[in-house]
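The structure under discussion appears below in the form of structure tokens.
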Protein chains: 2
Amino acid sequence: MNERKQHVLNAAKRLFLENGFANTSIQNILDEAGISKGTFYNYFNSKNECLISIIEESTGTASVLREELAADGPDGPEVLVEQILVRLRMNREQKLIRLYEAILHSGDPELRDYMKSVHLSELAWLEQRLTEVYGEQFRPYAADAALMEFGMLGQYLQFAPDITSSEELSKRIRFVIRRTEALLRDMAENDEHLLEAGQFDLRADSPSLPAPGRVAEEMLRLAETLPHESRGTGREFAGFLSTELKSEKPRASLMQSIAVPFRKLFDGLPNEPEARTVMSALWRLLKSSNLK
Amino acid sequence: MNERKQHVLNAAKRLFLENGFANTSIQNILDEAGISKGTFYNYFNSKNECLISIIEESTGTASVLREELAADGPDGPEVLVEQILVRLRMNREQKLIRLYEAILHSGDPELRDYMKSVHLSELAWLEQRLTEVYGEQFRPYAADAALMEFGMLGQYLQFAPDITSSEELSKRIRFVIRRTEALLRDMAENDEHLLEAGQFDLRADSPSLPAPGRVAEEMLRLAETLPHESRGTGREFAGFLSTELKSEKPRASLMQSIAVPFRKLFDGLPNEPEARTVMSALWRLLKSSNLK
DNA sequence: AAATGATTGTACTGCCGGTATAAAATAGTT
DNA sequence: AACTATTTTATACCGGCAGTACAATCATTT
């Protein structure tokens, strides 16, 4: 990931959030980023791909922060609230989620399919979390609850006015989550559900796990890009993580505790997005059964 | 409303439903309708206005059918189910509702504002109906319930696959309505709500009531367009409705019972859409307080 | 038959996403 | 320093888009 490419992505993101995807022309991006058309098409094959890169960066970051939250302490509804907040807060005042939907309903089949898979994996994540938080007995109803919670949340974010403060946002999420609890109880009482457990899982197009060796390499390389004052710490962290990664039986809980402060070393740095991408790969490995 | 214009509207609607709004060019519409560009821009000032006309026709028709359902017998949850089904069934296998959302999230501010007002009035209608059906004691929670029901329904229509049969559709609506009941009970028990009653009412830009005299005229004129075999009946209906309309104290319940069979005379006729538009105006008058 | 208004056909504008390409700048290697 | 390879730039171009302009034609009314 070129630093220049990241610069273009940031410019495009700014414009998309400000004026919407359809209302942002490639020429606008070129002007904003100060590059030529040839360069743009060197980085992306189309305007769509540029957008997909932005979404991928965003979803990757969200999943890293969510895993970090889960690794922080005992699980519970409050953790779920914070995990959902992560996604919403990260979307800079809820503008990215509108971007999502604009694309989801756009005419372009390529974009639609991609966004649909993003949406489905989000639903699958929520279904899984609901059973973790509220107990196995709700598993048959978790898919329905996830779908409904998603719909409710979407409406509250879109149509209720003035989500300025972060407290207002969190108030709405808590409200919706309490409603979801009521829905789970109600469905369980009446033993009613429309969807099947695991309905949203689409293992088909889930990308294969990254190679541990490659992730280790990337982390070591990243540590070298740190400024002098944090480079030593970074080297220690990256070194520990990569040796654990390559060892016979990696100690996952240790790694989880180290992954958080290591990633935070890159906060505010130009390659912060890249760091998050790499850490996203690490978390996927940590969550996968063959490493646990 | 020209018959030719209606023909163009039908052609455009067909294409929009088939290929989406963004993927339908004006040239496509011209070819499909067999008209020239000049004529198109004689009817509509833009592609957007053409779409707005289609949506208006559709929402008008839906509201007429809903009123007819309500006038049919005692109120209750089953009536609500049927009323919601009207809108969804009318959207030809749920394709129009996706068109709605495509526009709602589109880049065009003109379209967005219009669709937002449509959506809000739908929410206001649902809020009102929920209090009518489940009782006054739920009024403080009806706005929240309406918003959430809308969100849930949207997700179930979009992401659960294969809504082929009408039974499948009605099954989902019933499911969502039962969940909405649970939400109403839950909110009432905990006395929790985020929205205020009447939050969705936007009287500001609600168009003023049509003139009763004008509506009477239109109905009489419509009756003359009927084929021979039904023209006599149509004249009787239209005559009765228009004299009642102009009388001191119109007998609303009588008119409701006549309005239904009168409108049905136009089913399958070329000016069926126009008839629905006129009847929509009549129902607005019937529902308005100064006629009741 | 004259007049009026709707309709047609066609050419045009400006913007769009995307392609092509030669020249210029930059980086890497010896 | 010189040579090479790659990246970047500038620019012209393509087909398609929404929307405009306008003279020619058609249909209806009077």
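What's counted below: heavy atoms across the whole structure, side chains too, no hydrogens, waters or symmetry copies.
Taking the ring centre of B:Tyr41 as origin, the terminal cationic atom of B:Lys47 falls outside the region bounded by 6.0 Å and 45° from the ring axis.
Of the candidate nucleotides C:dG17, D:dG19, D:dA18, C:dG17 has the atom nearest to the side chain of A:Tyr41.
The interatomic distance linking B:Ile26 (CD1) with D:dC17 (C1') rounds to 9 Å, in whole Å. Counting to the nearest Å, the P atom of C:dC16 and the CZ atom of A:Phe21 are 13 Å from each other. In this structure, A:Gln27 atom CD and D:dC17 atom P are separated by 21 Å, rounded to whole Å. Spacing between atom CZ of A:Phe40 and atom P of D:dA10 amounts to 17 Å, rounded to whole angstrom units. For the pair B:Lys37 NZ and D:dC22 P, the interatomic distance rounds to 16 Å; values are reported in whole Å. Spacing between atom CG of A:Asn45 and atom P of C:dG18 amounts to 10 Å, rounded to whole angstrom units. Between the P atom of D:dG19 and the CD atom of B:Glu49 lies a distance of 10 Å, rounded to the nearest Å. For the pair A:Asn28 CG and C:dC15 C1', the interatomic distance rounds to 11 Å; values are reported in whole Å.
Closest non-hydrogen pair, B:Gln155 versus A:Gly151, comes out as CG-CA, 3.3 Å. Counting all heavy atoms, side chain and backbone alike, A:Leu226 lies closest to A:Gly234 at CD1-CA, 3.7 Å.
For C:dG18, its base never sits under 3.5 Å from the side chain of A:Lys47 at any donor and acceptor pair.
In terms of the side-chain contact (heavy atoms from CB on, under 4.5 Å) criterion, residue partners of A:Glu49 (sequence neighbours excluded) are, by chain and number, A:Phe44, A:Asn45, A:Ser46.
For residues 217-238 of chain B, there are no ring-ring contact (aromatic ring centres under 6.0 Å, His included) pairs, not counting sequence neighbours.
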Between the protein and nucleotides 5-7 of chain C, which nitrogen or oxygen pairs come in under 3.5 angstrom?
unit_1 : atom_1 : unit_2  : atom_2 : d
C:dT7  : OP1    : B:Tyr43 : OH     : 3.3
C:dT7  : OP2    : B:Tyr43 : OH     : 3.3
C:dT7  : O3'    : B:Arg4  : NH2    : 3.2

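In this structure, B:Asn19 contributes its side chain and B:Phe16 its backbone to no donor-acceptor pair below 3.5 Å.
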